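Below you'll find the structure, written out as structure tokens, and then a few comments.
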Amino acid sequence: MTDAPLATDAADTDIDDIEAGPAALPLDAWHRAKGGRMVEFAGYLMPIQYEGIMAEHLWVRDHAGLFDVSHMGQLLFTGEGVAEGLEALLPADVKGLGEGRQRYSLLLADNGGILDDLMLTRLPAESLFDAPGGIYMVVNGATKWDDIAHLREYLPDEITMSHLDEQALLALQGPEAVTALARLAPGVAALTFMTAGAFTIAGIDCWVSRSGYTGEDGFEISVPAEDVTALADALCAQPEVKPIGLGARDSLRLEAGLPLYGHDLDEETTPVAADLGFALSKRRREEGGFPGHARIMQEREQGPALKRVALIVDGRQPVREGATVLDGAGQEAGRVTSGGHSPSLGKPIAMAYVPAASAVPGTSITLEQRGKSFTGIVTAMPLVPHRYHRKGA
Amino acid sequence: MTQTYFSKDHEWISVDGTTATVGITDYAQAQLGDIVFAEVPTAGTKVEKGKEAAVVESVKAASDVYAPVSGEVIAGNAALADDPSLVNTAPESDGWFFTLTLSDPSELDGLMDDAGYKAFVEGL
């Protein structure tokens, strides 16, 4: 990373707003009217829960939940050489990304450390953004200003990056999401996992992808901020849908084995240690040309020192982020990066970095938290099976 | 005859002579949300007013439960091991944390009564 100040064209006013205190998202009043308990997260006030994390979590696993993820950054890249420009900064096969196709990728530092994880979509002729062939990107809320600065610094001038800060983002997740959404937007059922398209939902023009971060089938919907309240009302009028807070979003993604940036991923972590090898496309692995390629390939061949695993923890007490992983001699050998109670499994689960030799399902791991020892069993990820609607399924 | 007092840390203590029962208030359990684990002290543990005496964990976070007065624990509530959600469903009865023998009953003077606690919570 550079230590250059944020470019003046990167929406300084918004940064001032954040420094002045948490900002309200477009749905703020709607959340409060629905009984949402608001907390600060990533510089915004967001609902942590409505009726309760446990009930909301289980509702999403059985029905459909509506999440407000408008804090996340929506970026649009257009111009000559957009795929080449992005390929210089991340390891995805952007050139080979078909129209309406979505990929998970990583913004990488020069040493191969992860600056952010993100979603990329190649826009077709018809989209909400009127940018045929352009790339639509969703990045994490807590990192979006750093991402914007990094991208402005390193992308060629020919590529235009727009921060779509007039767009809100909703996620509708759960096995009944398709039933609820198709009632309002006939045609969305034709989307398969990691594809996207333009749809009119209850009369509102939206950009819809069949993706999400709960392990369930579902959709992410980009909508003009001025229409997001009407859209949220239309979705929650469906019997399958309830509003769901950040608390359940975190427990759902943990069960699904999905890492959270700033917790399970950071600048010290490489894609290999993070067990995100799938985000390194074959062509890019072979050709290189992305930050940290040499180190990442070396780690791939030799194996990383530490590796991200899922754990089921014995007993009932949750082991949380910051707990240590101990080796046979009682020395610190790794760390827990996320942990809590799994509402679906009824027991404590965690994500941890453990020595690579221990990263085998069935291995018993000793953990320490506040002077107390716990046993975790390495378990294949995801802990709760994904139910994505894949092509051909 | 029992009398119940409340602390600013949202514990209640129901006192009968020199013995008492301690738990967290209905307001506290509502703030914490779904309780998934409670660690209660064992008989014989000495607790000190204002210091950690038990741990309660919600889906999201771990919180300390402080002793509202000093004393020696008579018993922890074993029922919480099997059903920690008693803290949610019956915070001021079956969801109690521990009983103790008071070492200095005058410490009760610094606690609130029911009306005082209600006013305190309304001001939060």
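First the proteins, then the strands, lettered A, B, ... as listed; each starts at 1. Since this is a predicted model, take the numbers as computed values, not measurements. Atom set for the values below is all heavy atoms of this structure, side chains included, hydrogens, waters and symmetry mates excluded.
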Original post:
Any donor and acceptor pair, going by atom type alone, linking the side chain of Q3(B) with main-chain N or O of I13(B) inside 3.5 Å?
Top reply: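 No, Q3(B) side chain to I13(B) backbone: no donor-acceptor pair under 3.5 Å.
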Original post:
For the side chain of Y261(A) and the backbone of V139(A), is there at least one donor-acceptor N/O pair under 3.5 Å apart?
Top reply: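 Judged by distance alone, no pair lies under 3.5 Å.
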Original post:
Which residues in residues 51-63 of chain B have any heavy atom lying under 4.5 Å from a heavy atom of chain A?
Top reply: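 Heavy-atom contacts from residues 51-63 of chain B to chain A are V55(B), E57(B), S58(B), V59(B), K60(B), A61(B), A62(B).
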Subject >> chain B-proximal positions within residues 313-321 of chain A [heavy-atom distance under 4.5 Å] >> reply: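 From residues 313-321 of chain A, the residues near chain B are R316(A), Q317(A), P318(A), R320(A).
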Pairing donors with acceptors under 3.5 angstrom, does anything connect the side chains of [X] and [Y]?
X	Y	answer
H341(A)	S251(A)	no
D117(A)	N140(A)	yes
D264(A)	S338(A)	yes
S342(A)	E255(A)	yes
S7(B)	Y66(B)	no
T19(B)	D16(B)	no

Can you confirm whether [X] sits close enough to [Y] that some side-chain heavy atom of one is under 4.5 Å from a side-chain heavy atom of the other?
X	Y	answer
M38(A)	D28(A)	yes
Y117(B)	Y27(B)	yes
V69(B)	Y5(B)	no

Subject >> Which portion of D82(B) sits near chain A, non-hydrogen atoms under 4.5 angstrom >> reply: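 Answer is backbone: N, CA, C or O of D82(B) sit under 4.5 Å from chain A.
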Original post:
By a 4.5 Å heavy-atom criterion (distance strictly below it), what part of K347(A) contacts chain B: side chain, backbone, both, or neither?
Top reply: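 For K347(A), there is no contact with chain B at all, as no heavy atom is under 4.5 Å.
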Original post:
Out of P84(B), G33(B), A38(B), which one racks up the most heavy-atom pairs below 4.5 Å with chain A?
Top reply: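 So the answer, after comparing P84(B), G33(B), A38(B), is P84(B).
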